[in-house]
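Okay, so here's the structure we're looking at.
Since the structure is predicted, the reported quantities are computational estimates derived from the model, not experimental observations. Each chain gets a letter, A, B and so on, in the order its sequence line appears, and its residues count up from 1. Note that these values count all heavy atoms, side chains included, but never hydrogens, waters or copies made by symmetry.
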Protein chains: 2
Amino acid sequence: MKFSKKSEYGLRALLELCETYGGRVLQRHEIAERQNIPVEFLEQILLALKRAGLLASRRGVRGGYSLIKSPEDITLGQVIRILDGPLAPISCVSKTAYQKCADCPYAAKPSCPLQQAMGEVRDAIANILDHYTLSRFAHSK
Amino acid sequence: MKFSKKSEYGLRALLELCETYGGRVLQRHEIAERQNIPVEFLEQILLALKRAGLLASRRGVRGGYSLIKSPEDITLGQVIRILDGPLAPISCVSKTAYQKCADCPYAAKPSCPLQQAMGEVRDAIANILDHYTLSRFAHSK
DNA sequence: TAGTTGTCTAGTGAGTTGCTCAAGATTTCG
DNA sequence: CGAAATCTTGAGCAACTCACTAGACAACTA
């Protein structure tokens, strides 16, 4: 029941990028050094965030990465879903990636006792992470 | 960010055991069949739950497993922690298994921005799972 | 004491995580 | 233009975890 390093690194990288938001770009090695993240691994993360539309990048000598969306418009939930997949603790309660459980005897019945509890957990997690924005994050620094 | 099959199977096995609570014992193959769980895998789970003090077992011909605690006194949180480890999404916010992050640059500083958010998530999860008892579970069946 | 059950320890195949490496594309600067 | 700096892509890999299996052993009961 843990988040991956990918999510953690991704969030920490975004924190750095928030600080130069609107200003200069950051290169991967700058972010990597400041946040103690292996450069090549960080790269994969930054690219994923770019593909998801959070970052822009420029190649070449004065290249680097920069935030493309305002820190107020980026939530922890978004970032974690990009890097770690759905938030739901079991897939039969996921809203973004629902899957019927194959082996559960309750799957056929009208209601599964586990589903209710897990649904509540899912909602609680999503409620927090989808309302936490990067800006709120940076302020508490 | 998912619970393991172990937890899921464990909870479903406990549901079965709730139904015969106070009455007869259940053998592993009975539970396994009704809940579609591989017997030998289930066994490991039952043993873990036994070591944790939730179940009693008897060997031999009329052997089997039975609940040793009342369903009202067993919470989902307990069970999941036994089978899956701590609930915290990152270990620096775990109450049952705290660990300082080795590489995080905020670890040294008074406050880590990630920690606050993750702490809230941890509390939310624990709040739900530690108040959900097996009895509440069985009733909604 | 024979057969049935739980107990324990080890092992295994598939998949994931966290990370590395190498070759290429694009940009800037001299 | 050409060289250097940067991002881009894709492949690869060791360690670990997950879900499950196997087999020897201990205890209970008839």
Side-chain angles (χ1 to χ4, degrees), chain A residues 1-13 17 24-33 35-52 54-68 80 82-86 89-91 101-104, chain B residues 1-13 17 24-33 35-52 54-68 80 82-86 89-91 101-104:
Chain A
M1 195 52 184
K2 262 194 198 167
F3 293 121
S4 67
K5 281 279 170 192
K6 222 167 169 177
S7 281
E8 195 200 311
Y9 288 164
L11 288 170
R12 274 169 38 205
L17 285 161
R24 69 193 194 84
V25 301
L26 281 181
Q27 300 182 344
R28 25 172 227 179
H29 75 262
E30 293 182 273
I31 301 174
E33 276 161 29
Q35 290 284 341
N36 261 316
I37 304 171
V39 201
E40 297 88 354
F41 191 36
L42 174 63
E43 192 179 80
Q44 291 177 16
I45 296 165
L46 292 173
L47 285 174
L49 295 174
K50 186 197 165 184
R51 270 180 235 116
L54 302 188
L55 302 182
S57 61
R58 223 177 49 204
R59 302 195 205 189
V61 175
R62 291 277 302 159
Y65 294 90
S66 56
L67 268 190
I68 213 175
I80 291 171
I82 291 167
L83 297 173
D84 250 14
I90 51 178
S91 37
C101 345
D103 55 356
C104 178
Chain B
M1 195 55 186
K2 261 193 196 162
F3 292 122
S4 68
K5 282 280 170 192
K6 221 168 172 177
S7 282
E8 196 200 310
Y9 289 163
L11 289 170
R12 274 166 40 201
L17 286 161
R24 68 191 196 84
V25 301
L26 281 182
Q27 298 182 346
R28 26 172 225 176
H29 75 263
E30 295 183 272
I31 302 174
E33 274 160 30
Q35 290 285 340
N36 261 315
I37 304 172
V39 201
E40 297 87 355
F41 191 35
L42 174 63
E43 190 179 81
Q44 291 177 17
I45 295 166
L46 292 173
L47 286 175
L49 294 175
K50 187 199 165 185
R51 270 181 235 116
L54 301 189
L55 301 182
S57 61
R58 222 176 50 204
R59 302 195 206 192
V61 174
R62 292 275 302 157
Y65 294 89
S66 56
L67 268 189
I68 213 176
I80 291 172
I82 292 167
L83 298 172
D84 250 16
I90 52 179
S91 36
C101 344
D103 55 356
C104 177

### Task
Return no unless some side-chain N or O of Y65(A) is found under 4.0 Å from OP1 or OP2 of dT8(D).
yes
### Reading 5' to 3' through nucleotides 22-30 of chain D, protein heavy-atom contacts under 4.0 Å coded B for base, S for sugar-phosphate only, - for none
----BSB--
### Pairing residues for V39(B) by the side chain to side chain contact (heavy atoms under 4.5 Å, CB included) criterion, not counting sequence neighbours
R28(B), A32(B)
### Query
With side chains defined as the heavy atoms from C-beta onward, is the minimum distance between L46(A) and F41(A) less than 4.5 Å?
no
### Message
Students should find this one: the first and last nucleotides of DNA chain C, 5' to 3', lying under 4.0 Å from a heavy atom of chain A. What are they?
### Response
dG18(C) to dC29(C)
### Query
In whole Å, what is the span from the CD atom of E8(B) to the C1' atom of dC18(D)?
13 Å
### Message
Under a 3.5 Å distance rule, please check whether D84(A) uses its side chain to pair with a backbone N or O of S4(A) as donor and acceptor.
### Response
yes
### Message
For the backbone of G64(A) and the side chain of R58(A), can you confirm whether one donor and one acceptor N or O come within less than 3.5 Å of each other?
### Response
no
### Interatomic distance, L47(B) CG vs dC20(D) C1' [rounded to whole Å]
15 Å
### Message
Holding to side chain to side chain contact (heavy atoms under 4.5 Å, CB included), I want the full list of residues that pass it with K2(A), two or more places apart in sequence or in another chain.
### Response
S91(B)
### Task
Let me know the distance between CD of E30(A) and P of dA5(D), rounded to the nearest Å.
15 Å
### Query
What nucleotide among dT6(D), dA19(D), dT9(D) has an atom nearest to a side-chain atom of F41(B)?
dA19(D)
### Message
Considering every strand and a 4.0 Å limit on heavy-atom distances, what is the contact class for Y9(A): base, sugar-phosphate, or nothing?
### Response
sugar-phosphate
### Message
Do D103(B) and I37(A) have side chains that approach each other closer than 4.5 Å (heavy atoms only, starting at C-beta)?
### Response
no
### Query
Where the side chain of N36(A) meets the backbone of C104(B), is there a donor-acceptor pair that is under 3.5 Å apart?
no
### Task
Output all residues satisfying ring pair (Phe, Tyr, Trp, His ring centres under 6.0 Å) with Y65(A), sequence neighbours left out; order by chain, then residue number.
none
### Message
Nearest whole Å is fine: how far is dC7(D) C1' from L49(A) CG?
### Response
15 Å
### Query
Do any side-chain nitrogens or oxygens of S57(A) fall under 4.0 Å of OP1 or OP2 in dT8(D)?
yes
### Query
When you check the phosphate oxygens OP1 and OP2 of dC7(D), does a side-chain N or O of K50(A) lie under 4.0 Å from one of them?
no
### Message
Quick check on DNA chain D: between V39(B) and H29(A), whose nearest nucleotide comes earlier from the 5' end?
### Response
H29(A)
### Message
Restricting to side chain to side chain contact (heavy atoms under 4.5 Å, CB included), what partner residues turn up for E30(B), sequence neighbours left out?
### Response
R24(B), L26(B), Q27(B), R34(B)
### Message
Please report the distance, rounded to the nearest Å, between CD1 in I31(A) and C1' in dT6(D).
### Response
13 Å
